[in-house]
Amino acid sequence: MAKSEYATSKDMLTSLSNDLYSECSTAKSALSSLPVQQLNLSGAYKFLSQAGDYARYLSKKEEITAEEYENIEKLL
């Protein structure tokens, strides 16, 4: 079962959002350091950037809607 299913408080959801943001940042850094230029990784990099931005946005909200909660579950 995913951590997000247990995250019922604002603090827990903020922590999960921050974790997702951190993981996206780490993955972006790893992609950037790959020596293989011929691979088209721009789509993956863009997705990680957007997922990280969304996680950061959610971590600053006072209340998360049901739709946003579902979105973070999908991203996790």
Side-chain angles (χ1 to χ4, degrees):
M1 202 169 241
K3 287 186 212 177
S4 61
E5 293 178 25
Y6 296 107
T8 56
S9 73
K10 168 68 176 142
D11 290 339
M12 293 168 86
L13 286 169
T14 297
S15 177
L16 286 174
S17 296
N18 287 332
D19 287 347
L20 179 60
Y21 177 80
S22 176
E23 289 178 23
C24 288
S25 296
T26 300
K28 284 174 29 182
S29 178
L31 280 178
S32 295
S33 67
L34 288 175
V36 183
Q37 295 298 323
Q38 55 270 46
L39 292 177
N40 185 4
L41 299 175
S42 62
Y45 192 89
K46 180 179 177 181
F47 170 78
L48 292 169
S49 293
Q50 290 173 337
D53 290 345
Y54 187 66
R56 179 63 70 190
Y57 160 76
L58 290 179
S59 72
K60 294 180 180 184
K61 287 189 71 176
E62 287 299 315
E63 188 174 321
I64 296 176
T65 67
E67 181 182 0
E68 291 167 335
Y69 183 79
E70 289 174 15
N71 289 339
I72 194 108
E73 282 184 332
K74 290 175 187 175
L75 290 172
L76 287 169

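Side chains are part of it too, since the values below use all heavy atoms of this structure and drop only hydrogens, waters and symmetry mates.
- Listed here is the closest heavy atom pair of Cys24 and Ala51: SG-CB, 3.7 Å.
- Tracing side-chain contacts under 4.5 Å through hydrophobic residues (I, L, V, M, F, W, Y), one never reaches Leu48 starting from Tyr21; they form parts of separate clusters.
- The minimum heavy-atom distance between Tyr57 and Glu68, with the atom names listed, is OH-OE2, 3.3 Å.
- Distance alone, capped at 3.5 Å, is enough to place a donor-acceptor pair between the Ser59 side chain and the Arg56 backbone.
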Apply the test side-chain contact (heavy atoms from CB on, under 4.5 Å) to residues Ser32 and Tyr45: give CA-CA distance (whole Å), side-chain angles for both, the deciding distance (0.1 Å), then the verdict.
CA-CA 8 Å; Ser32 295; Tyr45 192 89; 3.4 Å; yes
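- With hydrogens and angles ignored, the 3.5 Å screen pairs no side-chain donor or acceptor of Ser22 with any backbone N or O of Asn18.
- With values rounded to the nearest 0.5 angstrom, Leu58 atom CG is found 8.0 Å from Asn71 atom CG.
- Applying the 6.0 Å contact sphere to NZ of Lys61 captures more than 12 heavy atoms from other residues, nucleotides or ligands.
- Counting only heavy atoms from C-beta outward, the side chains of Thr14 and Lys60 never approach each other to under 4.5 Å.
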